[in-house]
A.B. asks: 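Can you keep this structure in mind? I'll have questions shortly.
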Amino acid sequence: MVFQVLTHAVVYFEEKDRLLNEARRIYANLIPPNRIFAVDSILKLIHEDLMRGKKLEDIKKDKAKRKWVAFVLDLADELGIPPEKAFLEFSGFKELLPALENFLIEAPILELRNIAQTIHTGYEELERRLNEHLSLLLVRQKDLEKFEEEVKQRIDGYKRLQTEAYFILEEAEINFKGLNSPFERALQEFKSKYQELIVNSRNLEELRKHYRDAEDELDEIIGRSLSTISGFFQEKLKVLGESLNKEYKLTIPKIDFTILEESTKKKLKEKEEKDALGRAWSFLLPWRWLKLKELFKFKKESASTLEKKLLQELKGRAITQISNVLDKIRYEIFKALDYYKGQVKQMLKEKESHIERLRLEIKTAEALELEILQTEKKLTMIQREKERLNRFLENLNVV
Amino acid sequence: MLSKETLEEIERKILQDLDYQLAVVKSEVNFFIDKDLNLYFLREFIKSYTPKLLKKNAEVLLDTLLNYLMSALSEVIRDKDISVKQNVVQANIRERIKAWALNKNNAFNPTKFMLKEDEELLERLKEVAPGLLVAIGGAATAVIVSDNILTKLVPGLSTLAGSAYVIKQVRERVQRLKRIWKKNVDNYLDINKKLLHSWLKSVIEKFHKEISNL
């Protein structure tokens, strides 16, 4: 997400700072805090009207604007802000527009820099592999016997590496799975904490807050676990003289509390209507009249009763949702673990098969010569491209 | 490859874990039973959640057990020749044992959870205060009764005393039902503890057999 804009800033004027802070806290990992704004377009429209020379009396004739004119003038008076500046001031657009303009200029450059950097890193890795390949080809060109010996040594080395890697993968399983793993403990603690908070919520607002906090905390647990897993593999592979090329991209299961709340309301409403219809029909039966308590059933339920019912229903649904989401998260994290394990296995296998191919496929002196030339050519090309990229990156820094 | 003592020690450890896990399940389910939740929801929730929780915990316990077994095995072969290590690698023991343990013929499947039903009571909850007393239980009952029923729903009606009496009765029945549910949970966990124990034991035996063949 690039920007987040909260709307109707003037409607929630008293709550604005709190909501902004909350949004900055919740989306801290996704959006920088200086890209989250609260704006009000009505105030901006009023400001534009004023700039065009419209009188406040005329603006007030517009029903949608009338009450906000009075509100802002009152506020401006209280804070000592000149009325002609107040509308833009409170609209939030004064901060948003320059930020958007800056972003429009900076964003493409930033993106270009990232792309160029990624290509550069890719070239470096390719260069490393080609150099390794070339050194082996040169050994073969000089001395076939020594080459065979080197190939044998490397294959043995890879086999040993694969055995060592197996035990590293075992260590990963022990660290990240089972009752004693920090990940499992974090999930358990999270579950008990939020089950208690949700069930003990006294009203809808409290429940919403706990639910949003739960989502934040869960994101943190996932982020932390994933970086621990990737860190573990990076570190262990360094010991084996290797490095991971790709990071795992996790799909984080999310629940939208607004959707949960809306669907619960809808479900309750449908149930109410069905019950009311049933009661109306049964009331037509004379013997039902004898039951005095039926009379109460026509009494409309108060708003607080309805909220209580909604709260009860929502608590139940929230508990079930949290339990389901935890199962999904466990599944996703284990998938990430399997991904890294797979990467390590594949990497070592590829190295072994590459060297085997080299021995079996390049048989004649001419073929060997050609392979050397082609590898050298590729290396020169990479060198040239890297220099071009460096120049390009330097120019971007100037901009 | 693993001594009898090591295997016994592992079994003892996993049994401790099993006790701990079942205590967590019990306190979690009882926590919900004690709370002021919609009784229909609570009934359905406990019925489906408890076996689901057991199944999930069984998987976590299986991983834990395999961790114990694989750690012990790694320890034994740590200083052994590379060929011995390669044999273990080739055998891919963890994956194979796990696949075996979760295979539908060997997997742990919790028994069906039977919870004492009281349809009459649930119906009555509806009658006493339509749409309101669906949730009843614990301290919250008193709040609901005094705040809503007496002051909002039936003020000044002659049935006031009657309603209050029925509510009291219903509240007692709900409490009684909840006590029975807790006992149902206890019995259910006891039965499944035995099943889980023998399942975990069979995994240890299988593991031992497999590595003896290496």
Side-chain angles (χ1 to χ4, degrees), chain A residues 156 159-160 162-167 169-171 173-181 184 187-188 191-192 195-196 198-200 202 268 271-272 275-276 279 291-302 304-306 308-309 311-317 319-320 323-324 326-327 330 334, chain B residues 14 17 20-21 24 27-28 31-32 34-38 40-42 44-45 48-49 52-53 56-57 59-68 70-71 73-74 77-78 82 85-86 88-90 92 94 126-132 134-135 144 147-148 152-154 157-159 162-163 166:
Chain A
D156 281 351
K159 284 214 186 320
R160 246 197 314 275
Q162 277 172 23
T163 312
E164 295 300 324
Y166 176 84
F167 290 99
L169 300 184
E170 254 315 310
E171 205 183 318
E173 290 271 342
I174 293 167
N175 278 349
F176 300 110
K177 283 187 179 175
L179 262 182
N180 306 312
S181 72
E184 195 57 46
L187 288 192
Q188 286 300 334
K191 190 164 83 168
S192 331
Q195 272 177 350
E196 186 139 2
I198 284 174
V199 170
N200 291 333
R202 284 164 302 180
L268 271 179
K271 194 174 168 299
E272 288 300 310
D275 285 356
R279 286 197 297 268
K291 292 190 173 181
L292 197 60
K293 64 188 172 208
E294 288 294 322
L295 285 170
F296 307 137
K297 292 185 179 175
F298 284 95
K299 189 162 178 74
K300 249 204 161 343
E301 282 175 303
S302 68
S304 75
T305 310
L306 281 174
K308 216 165 250 170
K309 275 175 82 176
L311 184 68
Q312 296 286 356
E313 193 76 28
L314 260 177
K315 279 183 187 179
R317 286 178 148 222
I319 292 164
T320 316
S323 151
N324 291 342
L326 287 186
D327 288 347
R330 197 182 276 115
F334 289 168
Chain B
I14 200 69
D17 292 337
Y20 169 76
Q21 282 292 76
V24 172
S27 84
E28 195 176 327
F31 166 78
F32 290 119
D34 283 332
K35 291 293 164 183
D36 170 32
L37 289 164
N38 177 317
Y40 285 102
F41 162 78
L42 193 59
E44 293 312 310
F45 179 74
S48 64
Y49 188 64
K52 193 181 145 201
L53 204 57
K56 276 283 151 210
N57 280 345
E59 283 168 27
V60 177
L61 279 167
L62 177 63
D63 281 328
T64 316
L65 175 59
L66 287 171
N67 286 349
Y68 294 152
M70 287 305 292
S71 290
L73 181 64
S74 300
I77 61 165
R78 185 199 292 269
I82 186 83
K85 287 182 181 172
Q86 273 170 350
V88 173
V89 174
Q90 294 290 319
N92 199 14
R94 181 191 278 264
K126 270 205 239 168
E127 282 181 12
V128 171
L132 172 68
V134 177
I144 293 171
D147 279 4
N148 298 302
K152 292 178 185 157
L153 280 179
V154 288
L157 285 176
S158 59
T159 51
S163 289
V166 174

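Just so you know, these numbers use all the heavy atoms, side chains as well, and skip hydrogens, waters and symmetry mates. These numbers were taken from a predicted model, which means no experiment stands behind them. Chain identifiers are assigned alphabetically (A, B, ...) following the order of the sequence lines, protein sequences preceding nucleic acid strands; residue numbering begins at 1 within each chain.
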A.B. asks: Measuring only between side-chain heavy atoms, which start at C-beta, is A:Asp327 closer than 4.5 Å to B:Lys52?
C.D. replies: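 Side chain of A:Asp327 against side chain of B:Lys52, heavy atoms only: contact under 4.5 Å found.
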
A.B. asks: Side chain, backbone, both or neither: which part of B:Leu66 has an atom under 4.5 Å from a heavy atom of chain A?
C.D. replies: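 Nothing of B:Leu66, per the 4.5 Å heavy-atom cut-off to chain A.
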
A.B. asks: Could you give the distance from CZ (B:Arg78) to CZ (A:Phe167), rounded to the nearest 0.5 Å?
C.D. replies: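 Going from the CZ atom of B:Arg78 to the CZ atom of A:Phe167 covers 10.5 Å.
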
A.B. asks: So for A:Glu184, is it side chain, backbone, both, or neither that comes closer than 4.5 Å to the heavy atoms of chain B?
C.D. replies: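 Interface part for A:Glu184: side chain.
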
A.B. asks: Out of A:Glu170, A:Glu171, A:Lys177, which one racks up the most heavy-atom pairs below 4.5 Å with chain B?
C.D. replies: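 Maximum pair count with chain B is reached by A:Glu170.
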
A.B. asks: Looking at every non-hydrogen atom in both residues, tell me the closest pair between B:Ser71 and A:Ile174 and how far apart they are.
C.D. replies: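 That would be OG-CD1, 3.2 Å.
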
A.B. asks: When only pairs under 4.5 Å are counted, which of B:Asp17, B:Asn57, B:Val60 shares the most heavy-atom pairs with chain A?
C.D. replies: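 When all of B:Asp17, B:Asn57, B:Val60 are compared, B:Val60 has the most.
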
A.B. asks: Is the closest side-chain heavy-atom distance between B:Val89 and A:Gln162 below 4.5 Å?
C.D. replies: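 No, too far: nothing below the 4.5 Å cut-off.
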
A.B. asks: Of the backbone (N, CA, C, O) and the side chain (C-beta and beyond), which part of A:Glu196 lies under 4.5 Å from a heavy atom of chain B, both, or neither?
C.D. replies: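 Both the backbone and the side chain of A:Glu196 come within 4.5 Å of chain B.
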
A.B. asks: Looking at B:Phe31, I want to see if its CZ is surrounded by more than 12 non-hydrogen atoms of other residues, nucleotides or ligands under 6.0 Å.
C.D. replies: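 Yes.
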
A.B. asks: Heavy-atom distance under 4.5 Å to chain B: side chain of A:Lys191, backbone, both or neither?
C.D. replies: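 A:Lys191 touches chain B through side-chain heavy atoms alone.
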
A.B. asks: Heavy-atom distances under 4.5 Å only: say whether B:Leu61 touches chain A with side chain, backbone, both or neither.
C.D. replies: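 When you check distances to chain A, only side chain atoms of B:Leu61 fall under 4.5 Å.
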
